[in-house]
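All chains are named by letter (A, B, ...) in the order of the sequence lines, taking the proteins before the strands, and each is independently numbered beginning at 1.
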Amino acid sequence: MSRLGLEETLLGGQSFSWTALSESSWKGVIGKSIVELSLTENKLQWRTGKQSPWSEKELRNYLWLDPSFTEAVDSLPWRSDPVLTTCMKKLPGLRILRQPMDEVLFVFLLSSVKSIPQIKEMKELVSEKYGEPLELGLWSFPGWEKLAQISETELRALKMGYRAKYVQAVAGQLANKPSLLTDIVKRPYEEARAMLLNLPGVGPKIADCCLLFGAARTEAFPIDTWISKTLEVRYSLSGWSNQQQAHFAIKHYGKHAGLAQQFLFSAERLGLHAKS
DNA sequence: ATCCAGGGTGGAG
DNA sequence: CTCCACCCTGGA
């Protein structure tokens, strides 16, 4: 576990639940739980709030701290892919978090044409206005049931713009079928993806983000502007459609393509290719 | 001051 | 397949 790898895992755009307390410590709100992480001398330390405390097991699951992570890393084609190797060497320990699907769907519905700070701000506004108060002046994500009671106008007031319509519509569907998300998580990848694509405001990119970050489907390979650029520039795939790029990804990176995506995405976002 | 892009999607041609 | 509106905010 490296400092940069962990920092990028928590703050790099797969989760919007974490804030930095210092160079190497972070505070997160997941569901109604508060968790603090710090990295000193390469050792991970943690503590959790009193209200809805996490067990060590929950923490290990959330951070993907089991042997399957090492196996997934080893399954990537780093032996034959210098571009991927560079990204992996620069970000040791970067991983996919296992976040709750409801929160992931919400933040990625807000993500279109928005930067990380903007997405975080929208989520915080919603939490402070409609969530439950927790310890330390923090607020929980309100949950979809609560969101269903909020009008589009009210959501627009929280800087959501046209995304408010999607949030409203999805909340409505989930109100009619509360089991939908837990149902989706149980289905095989293709089927789960098709179900997500049925939701208003959810296209291929957001569906794959939900499956990768909110359902631990590491075969999901979200194609956004950054990854598209990486594939064009680093792999000479310019002119390829998103569908063709997706086909390349699963073929080249394998069954944990989503993990490769995270290394490529972060390296591109942080500009790590420029430096030697 | 305008312009433009910020982890897209849905609809039209 | 390619355009482009959709909201709105901050930075060039």
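Between A/Asp66 and A/Arg60 no salt bridge is recorded (no basic side-chain N to carboxylate O distance below 4.0 Å). Comment: A/Lys50 does not engage A/Glu135 in a salt bridge, judged by the lack of any side-chain N to carboxylate O separation of less than 4.0 angstrom.
Looking at heavy-atom distances under 4.0 Å, A/Glu152 makes no contact with the nucleic acid at all. Using a 4.0 Å heavy-atom distance criterion, A/Gly203 is classed as a sugar-phosphate-only contact. The residue A/Gly13 sits close to a base: some heavy atom pair falls under 4.0 Å.
Remark: aromatic rings of A/Phe16 and A/Phe141 are distant, center separation not under 6.0 Å.
Scanning atom types as modelled, one donor and one acceptor separated by under 3.5 angstrom connect the side chain of A/Arg163 and the base of C/dC7.
Remark: the separation of the P atoms in B/dA1 and C/dC7 is 24 Å, to the nearest Å. With both ends at atom P, the span from C/dC1 to B/dG7 equals 24 Å, rounded to whole Å.
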Check against ring pair (Phe, Tyr, Trp, His ring centres under 6.0 Å), A/Tyr130 and A/Trp139: CA-CA 9 Å; A/Tyr130 302 106; A/Trp139 298 82; over 10 Å; no

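A heavy-atom distance below 4.0 Å to DNA chain B is reached by these residues of residues 104-113 of chain A, ordered by number: A/Ser111, A/Ser112, A/Val113.
Between A/Leu211 and A/Ala220, the shortest heavy-atom contact is CB-CB, 4.1 Å. When all heavy atoms of A/Ile119 and A/Val107 are compared, the closest pair comes out as CG2-O, 3.8 Å.
Screening residues 236-265 of chain A for salt bridge (Lys or Arg N to Asp or Glu O under 4.0 Å) gives no qualifying pairs among residues at least two apart or on separate chains. Within the structure, salt bridge (Lys or Arg N to Asp or Glu O under 4.0 Å) pairs that include any residue of residues 147-158 of chain A comprise A/Glu152-A/Arg156 (at least two apart or interchain).
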Annotated structure of DNA chain B as dot-bracket, pair cut-off 3.5 Å, Watson-Crick or G-U only, | for inter-strand, is .|||||.||||||

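With rounding to whole Å, A/Glu121 atom CD is found 9 Å from C/dT9 atom P. The separation between A/Lys165 atom NZ and C/dA5 atom P is 14 Å, rounded to whole Å. Rounded to whole Å, the distance from CG on A/Leu155 to C1' on C/dC8 is 15 Å.
Cation-pi geometry between A/Arg95 and A/Phe69 is met: under 6.0 angstrom from the ring centre, within 45 degrees of the axis.
Extent of DNA chain B lying under 4.0 Å from chain A heavy atoms, first and last nucleotide in 5' to 3' order, is B/dG6 to B/dG10.
Side chains of A/Glu219 and A/Asp208 form no contact here, defined as non-hydrogen atoms less than 4.5 Å apart.
An aromatic stacking contact between A/Tyr162 and the base of C/dC7 is absent, as defined here by ring centres under 5.5 Å apart and ring planes under 30° from parallel.
Residues passing the side chain to side chain donor-acceptor pair (under 3.5 Å) test with A/Asp102, sequence neighbours excluded: none.
Heavy-atom distances to DNA chain B give each of A/Pro222 and A/Val202 a nearest nucleotide, and the one nearer the 5′ end belongs to A/Pro222.
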